[in-house]
Amino acid sequence: MKYHAAVAGQSIELELGSDGAVFLNDKSHRVECRILETGLLSLLVDDHSYEIVVRRELKGGKPTKNGFVVELAGHLIPVRFEEPGQKGAAGVKEEEGSGTIESPMPGRIVTIKVSLGQEVKLGEGIMVVEAMKMENELTSSKSGKVKEIKVKVGEAVEAGQELMVIE
Amino acid sequence: MKYHAAVAGQSIELELGSDGAVFLNDKSHRVECRILETGLLSLLVDDHSYEIVVRRELKGGKPTKNGFVVELAGHLIPVRFEEPGQKGAAGVKEEEGSGTIESPMPGRIVTIKVSLGQEVKLGEGIMVVEAMKMENELTSSKSGKVKEIKVKVGEAVEAGQELMVIE
Amino acid sequence: MFKKVLIANRGEIAVRVIRACREIGIKTVAVYSEIDRESRHVRWADEAYLVGPAPAKESYLVADKIIEVAKRSGADAIHPGYGFLSENADFSDLCAKNNIKFIGPRGDSMRMLGDKVAARRVAAKVKVPTVPGMTDPLDSVDQAKQLGGQFGYPVLLKARSGGGGKGMRKVERVEEMESAYQMASSEARSSFNDDALYMEKYVVGPHHVEVQILGDEAGNVIAIGERECSVQRRHQKIIEESPSPFITEATRKKLLEAAVILAKEAKYVNAGTMEFLVDKNQDYYFLEMNARLQVEHPVTEQVSGIDLVRAQLRIAAGESLDVIVGAPLAAPPQNRGHAIECRIYAEDPDQGFIPSPGKIERVREPSGPWVRVDSAVYPRAEISVYYDPMIAKLITWGPTREEAILRMERALREYQIVGVKTNLWFHEAVLAHSEFRQGKYDTGFVERNLEVLKRLGHEGHAGIAAIAALFFQLQEAKVASPRGPEGSSTNSNASSWKLAGRREGMRS
Amino acid sequence: MFKKVLIANRGEIAVRVIRACREIGIKTVAVYSEIDRESRHVRWADEAYLVGPAPAKESYLVADKIIEVAKRSGADAIHPGYGFLSENADFSDLCAKNNIKFIGPRGDSMRMLGDKVAARRVAAKVKVPTVPGMTDPLDSVDQAKQLGGQFGYPVLLKARSGGGGKGMRKVERVEEMESAYQMASSEARSSFNDDALYMEKYVVGPHHVEVQILGDEAGNVIAIGERECSVQRRHQKIIEESPSPFITEATRKKLLEAAVILAKEAKYVNAGTMEFLVDKNQDYYFLEMNARLQVEHPVTEQVSGIDLVRAQLRIAAGESLDVIVGAPLAAPPQNRGHAIECRIYAEDPDQGFIPSPGKIERVREPSGPWVRVDSAVYPRAEISVYYDPMIAKLITWGPTREEAILRMERALREYQIVGVKTNLWFHEAVLAHSEFRQGKYDTGFVERNLEVLKRLGHEGHAGIAAIAALFFQLQEAKVASPRGPEGSSTNSNASSWKLAGRREGMRS
């Protein structure tokens with residue numbers, strides 16, 4: 001049983017052996033894992049000790065299916081397992097921007113800088129959301145035309161709420 | 001609905017009113033309680049704020065039915081609610097020693113200082129249990145005769161295990 | 001000394017003040033908004049009163065409600081913390097009018113130095129240099145554009161009542177002026193209820209250095225060291241240290257002297273901070289006074305041994321500085337070793353430091369030798385969108401800067417916050433960067449090195465990370481699985497990978 | 001400096017050493033017994049190796065296994081912590097023989113001063129006074145009885161290899177000698193594998209004062225202040241402070257000088273402590289040397305600013321004292337303010353301080369200004385019967401003794417440990433006692449005032465306690481009740497008392 005993971009852009013193959021062996025890109029390691037609390041792991045890998053916090057990666061406030069964020073010795077490492085049949089390719093490349101702009105946090109719409117049908121460029125400022133006393137400019141995740149504006153100025157929005165669609 | 005509690009030897013009558021009122025010995029108080037985590041309470045009583053840890057009192061390692069230990073501003077306060085029908089009397093007085101000596105902690109029997117049938121006095125040393133690198137002398141909870149010795153020297157014992165019966 | 005102090009604040013600073021009061025034996029009164037009922041400051045104060053709904057404008061900023069609670073509870077003094085009403089001169093006066101001691105300066109001192117424009121006039125009078133800029137607020141975008149041309153770009157727009165980078169915008173070109181002006185004044189209005197802006201020349205490559213002062217009611221003023229605050233993102237400090245690794249002994253002496261002269265001129269009483277810009281030639285410019293306790297006060301406490309909140313309380317109670325400081329005023333304790341503070345924000349450094357509100361699931365704070373955490377975060381705490389995303393401060397001390405940094409790195413690794421995104425890893429990246437290590441950073445450091453810092457923060461052992469994520473996922477599947485009765489124990493030492501077969505969607 | 005250090009210990013001291021190593025950049029190797037797999041020291045070390053079953057005699061005390069792990073992992077030094085192998089002269093020699101640096105004194109120095117009987121001879125040679133007592137171990141109970149009569153009761157029986165009150169018994173009358181002798185030697189055998197006892201005169205009303213020394217490999221020795229350790233129960237320290245509130249400046253000077261003379265005579269290298277008794281006339285007697293780091297080393301660290309574990313590592317690596325201390329050896333930093341330590345035990349002060357093993361459910365550690373926690377406790381930690389019940393140390397600092405005490409009181413209230421009984425409340429009672437407050441306590445303080453201290457510890461607001469217990473019980477019933485769907489949320493703000501009717505057995 002093999003698992004394929006994309007770790008910070010690097011492709012890794014994992015296989016679980018018997019008696020605590022784990023094959024990492026075909027090299028065998030002795031691994032012992034203890035789960036201390038939800039998301040807090042103690043790993044011993046070939047007598048090396050790691051205390052690790054793992055959580056699911058969030059997209060628009062919701063946990064993703066195969067994405068994880070691993071906190072290891074002060075670093076934040078993204079790990080994405082690939083779906084069966086996607087071997088080798090998926091996960092390593094980031095998903096392309098769908099054109100749907102979601103609010104990254106709950107807040108209030110302060111300004112809408114574009115109008116329906118307007119052409120926008122990737123990275124162009126399209127909206128300002130106030131949250132936690134700061135005004136935060138949201139930028140377009142792709143170049144295209146504004147197809148739909150789903151909110152009004154002054155409206156309160158939730159994390160993950162769809163604000164605009166660029167096509 | 002009234003509750004009777006013995007608190008550190010003092011008798012207290014409690015009654016729950018409506019809208020957060022609590023009658024304490026017939027005097028009314030505004031009370032708001034939040035339970036933050038198991039056993040961690042935030043009480044607002046007439047605008048006074050108390051952060052309190054509550055746990056069940058243990059006897060021989062097991063939780064008692066109506067006994068509690070309340071940690072409040074650095075003090076440890078025993079609270080015992082009385083059983084229905086026991087009004088006024090129960091709880092205020094400590095239960096008399098039953099004569100059954102239980103091990104207060106897991107450990108190992110080092111010495112048994114008395115023999116079957118021997119007369120012992122309240123508070124007399126009867127046994128030494130080694131635990132956590134210290135030798136701890138257990139004393140008799142009542143005066144009487146040693147009726148039964150349930151353990152042997154060298155034996156490992158659990159918290160709450162019966163060691164001896166005095167009659 | 002006061003019998004009862006009302007703390008007109010929330011979060012870590014309210015807890016900080018409660019701690020100081022407890023250590024003197026003063027009773028404390030908390031005020032809270034509806035969503036803060038379970039907050040630590042409410043639980044730890046002796047009394048607590050609801051003052052309104054979540055938005056600060058309807059609760060923590062309502063002066064009349066605060067005064068009313070003070071009277072109702074019998075509080076004889078009010079500590080404003082930082083932010084909220086702390087630099088509101090009218091509130092200081094209102095307290096005085098109601099015979100409640102405001103723990104801070106009088107209203108008129110605030111007006112003289114707390115207002116950035118007025119502060120320029122005072123500085124000119126006592127011959128302390130300031131950055132070229134205006135002494136009156138802007139009246140229009142057009143005036144802003146015209147003055148921008150006059151000073152020469154880049155210029156800085158700043159809110160008159162601002163602080164902490166709010167209502168502040170750097171403007172590089174005249175084309176940016178209109179949008180910058182509107183965003184800054186809108187932010188200023190929503191944060192401080194005052195949309196007046198003023199403009200100054202932007203000093204290139206500046207260091208932000210500030211001096212902590214204390215003044216007593218007899219008119220004595222001392223400066224107890226400086227803080228280097230140049231590690232900033234979005235114009236907000238994230239790391240501070242004392243002493244400054246950048247300024248020379250001669251500059252330090254001049255800054256401390258200037259701070260004392262300014263405070264004396266304003267007849268300043270209580271704790272305050274004089275902010276300066278220092279450029280690469282060690283030329284310095286007075287910026288403004290913060291007429292209150294600063295977020296970063298702990299670094300000064302750690303190197304001086306003076307509890308600044310305790311000192312504030314004692315000054316307000318009329319005690320004299322030499323008694324409070326326990327040393328001759330000519331030589332107050334300072335610069336015993338080195339201290340650093342990292343501000344822990346619930347934010348995502350990967351996405352422009354956007355705030356990350358949510359529920360804290362688990363917290364593990366560092367401790368051990370010379371590590372201090374000032375925090376109000378606890379398991380199940382809700383980091384709300386209504387208040388500042390700064391959730392804790394981590395402070396370390398060492399006899400040398402190097403030791404303080406190494407200790408901070410150690411402490412950051414011990415720190416775990418689960419439930420919201422934080423900048424813990426970003427601090428580690430900053431501390432690992434050679435520019436920080438050499439103490440040569442200026443206020444543009446973070447912006448200039450953002451990509452490098454992000455990369456530093458995401459490096460690490462890929463193989464171990466993959467194993468951990470896999471085991472985590474298998475464990476989750478195991479717990480969720482109805483088959484294994486052992487699945488209910490998350491603490492079992494069963495070999496999790498034996499259960500791998502049960503998980504769908506991961507097999508290859 | 002070393003590349004990799006093995007820590008031959010567990011619990012808070014292993015974590016303390018790991019922290020120091022991390023702050024220098026040294027890799028760490030943990031060893032652990034079977035039940036310690038999830039301990040913090042195992043999780044935080046860079047490498048971890050199993051050395052045997054739970055009993056220390058089969059794991060942490062097995063010198064050969066420790067050496068083997070050091071070799072296998074490539075560790076170039078071993079830090080022994082305190083207890084276990086730390087004062088085992090043969091182990092120090094064994095390390096040297098295997099070319100592994102032992103972070104502590106050489107075996108021969110230990111034999112000269114660590115052995116209580118030998119230490120007397122050294123003291124006599126350099127004319128440092130000692131308590132009247134024997135220079136050879138006892139050979140029988142009969143000899144003990146005979147000598148008891150000779151010295152005059154009370155006398156003290158002490159284990160030759162003892163420490164921390166283990167294997168120690170005060171004997172008031174000749175009738176108690178037999179049982180005391182047997183208990184002490186049995187305890188000594190099981191704790192130290194050495195049942196030899198010796199006897200000394202019991203000094204009435206004594207203060208236990210000890211001096212921290214550091215010696216480098218070039219033969220320099222400095223004393224960096226003393227610690228007052230007279231708050232004891234069962235002959236074990238529970239509170240320590242520095243400086244001592246009892247001794248005069250003249251006595252302090254004499255103690256520090258004596259400590260340096262003794263250490264130089266033994267050619268002592270690394271950190272060590274000279275223990276003295278001081279009686280009410282300020283006469284002092286050398287007791288013994290602890291040839292290792294002490295449990296209470298943090299109070300000295302807080303008043304001197306010297307990280308003693310870091311200093312140990314640097315001394316062992318051959319650095320010289322003046323560089324390590326950063327000051328002239330004639331005037332090392334000491335007595336900057338005041339520090340106090342409370343040892344947190346899992347024990348029941350109400351029942352003769354009997355240990356209270358069990359599972360930690362929840363821990364909340366105090367923090368904020370000048371509060372330090374040295375701990376290895378975490379949620380779900382199992383406090384086992386196999387090891388010492390000391391689970392954490394709480395240390396506070398203040399510019400004055402009063403401020404340090406007030407801060408300790410504040411910190412104790414913030415500290416919550418749920419799951420086992422602890423002595424947290426007992427510390428509060430001690431701190432509230434006037435004898436402690438005045439700094440006049442001697443080693444008999446706790447025993448003499450036990451009932452008063454217990455009463456102090458159980459006082460409090462009975463009405464509030466009753467309300468809290470009632471709500472807790474109602475909530476438990478609510479959670480247990482299958483009826484209310486809202487019962488599953490323990491964080492709901494529903495009025496718990498509405499559910500009162502559901503609870504059986506509590507209605508009147």
Side-chain angles (χ1 to χ4, degrees), chain A residues 1-5 7-8 10 12 14 16 20 22 24-25 29 31-41 43 45 48 50 52-55 61 65-66 68 70-79 81-84 87 104-107 110-111 128 130-137 159, chain C residues 166 182-183 186-187 190-191 234 346 348 350-352 354-358 361-362 364 384-389 409 412-413 416 418 421 424-425 428-429 456-473 475 490-493 495-498 500-501 505-508:
Chain A
M1 195 162 342
K2 287 187 181 174
Y3 303 90
H4 292 91
V7 184
Q10 192 180 339
I12 286 181
L14 290 154
L16 302 175
V22 172
L24 207 65
N25 293 337
H29 300 275
V31 177
E32 201 215 330
C33 174
R34 294 281 182 112
I35 296 185
L36 301 152
E37 298 180 59
T38 311
L40 177 61
L41 281 66
L43 273 189
V45 181
H48 284 70
Y50 305 91
I52 304 175
V53 174
V54 185
R55 58 171 196 269
K65 200 173 163 196
N66 290 330
F68 299 88
V70 174
E71 233 178 285
L72 172 52
H75 300 281
L76 216 62
I77 307 169
V79 177
F81 288 102
E82 85 196 14
E83 296 285 343
K87 198 183 308 185
M105 63 198 148
V110 179
T111 319
V128 177
E130 188 202 298
M132 305 176 95
K133 300 277 152 212
M134 292 294 281
E135 305 215 336
N136 306 284
E137 195 173 70
Chain C
K166 284 164 195 158
Q182 260 138 29
M183 284 179 81
S186 141
E187 242 179 68
S190 79
S191 294
R234 296 178 89 173
D348 186 354
D350 274 326
Q351 292 185 50
I354 252 177
S356 170
E361 289 163 25
R362 208 162 51 75
R364 184 182 69 196
S384 112
V385 295
Y386 292 104
Y387 312 115
D388 199 277
E409 291 188 309
L412 284 166
R413 287 207 192 173
Q416 289 177 348
V418 180
K421 291 180 180 171
L424 280 167
W425 64 270
E428 292 219 47
L456 274 172
H458 294 305
E459 275 173 355
H461 201 313
I464 302 298
I467 292 174
L470 180 58
F471 279 40
F472 175 75
Q473 181 156 13
Q475 174 70 16
T490 56
N491 205 23
S492 91
N493 54 3
S495 309
S496 303
W497 54 89
K498 285 177 190 159
M506 280 187 55
R507 260 169 277 169
S508 69

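Order of the sequence lines fixes the chain letters, A, B, ..., with proteins taken first and strands second; residue numbering starts at 1 for each chain. Fair warning: this is a prediction, and the values are worked out from it, not measured in the lab.
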Might you point out which heavy atoms bring [X] and [Y] nearest each other, and give the distance in Å?
X	Y	value
Phe471(C)	Leu16(A)	CE1-CD2, 4.0 Å
Ala465(C)	Val7(A)	CB-CG1, 4.3 Å
Ala468(C)	Ile52(A)	CB-CD1, 3.6 Å
Lys421(C)	Arg55(A)	CG-NH2, 4.0 Å
Val54(A)	Ala469(C)	CG1-CA, 4.2 Å

[atom1]-[atom2] distance between [X] and [Y], expressed to the nearest 0.5 angstrom:
X	Y	atom1	atom2	value
Thr111(A)	Met183(C)	OG1	CE	6.5 Å
Arg413(C)	Leu72(A)	CZ	CG	9.0 Å
Leu470(C)	Leu24(A)	CG	CG	10.5 Å
Phe81(A)	Gln473(C)	CZ	CD	6.0 Å
Leu36(A)	Arg362(C)	CG	CZ	8.5 Å
Phe472(C)	Thr38(A)	CZ	OG1	7.5 Å

- Is it true that a side-chain atom of His75(A) and a backbone atom of Gly460(C) form a donor plus acceptor pair closer than 3.5 Å? no

- Between the main-chain N or O of Ile77(A) and the side-chain N or O of His458(C), is there a donor-acceptor pair closer than 3.5 Å?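 Here the side-chain-to-backbone pair does not exist.
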
- Task: Would you mind checking which part of Leu412(C) comes under 4.5 Å of any heavy atom in chain A, side chain (CB onward), backbone (N, CA, C, O), both or neither?
- Result: neither

- Task: Check whether Leu76(A) gets within reach of chain C through its side chain, its backbone, both or neither, counting any heavy atom under 4.5 Å.
- Result: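 Leu76(A) touches chain C through backbone and side-chain heavy atoms alike.
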
- Item | Contacting region of Val45(A) [heavy-atom separation from chain C under 4.5 Å] | side chain

- Task: Answer whether the closest heavy-atom distance between the side chains of Ile467(C) and Tyr3(A) falls below 4.5 Å.
- Result: no

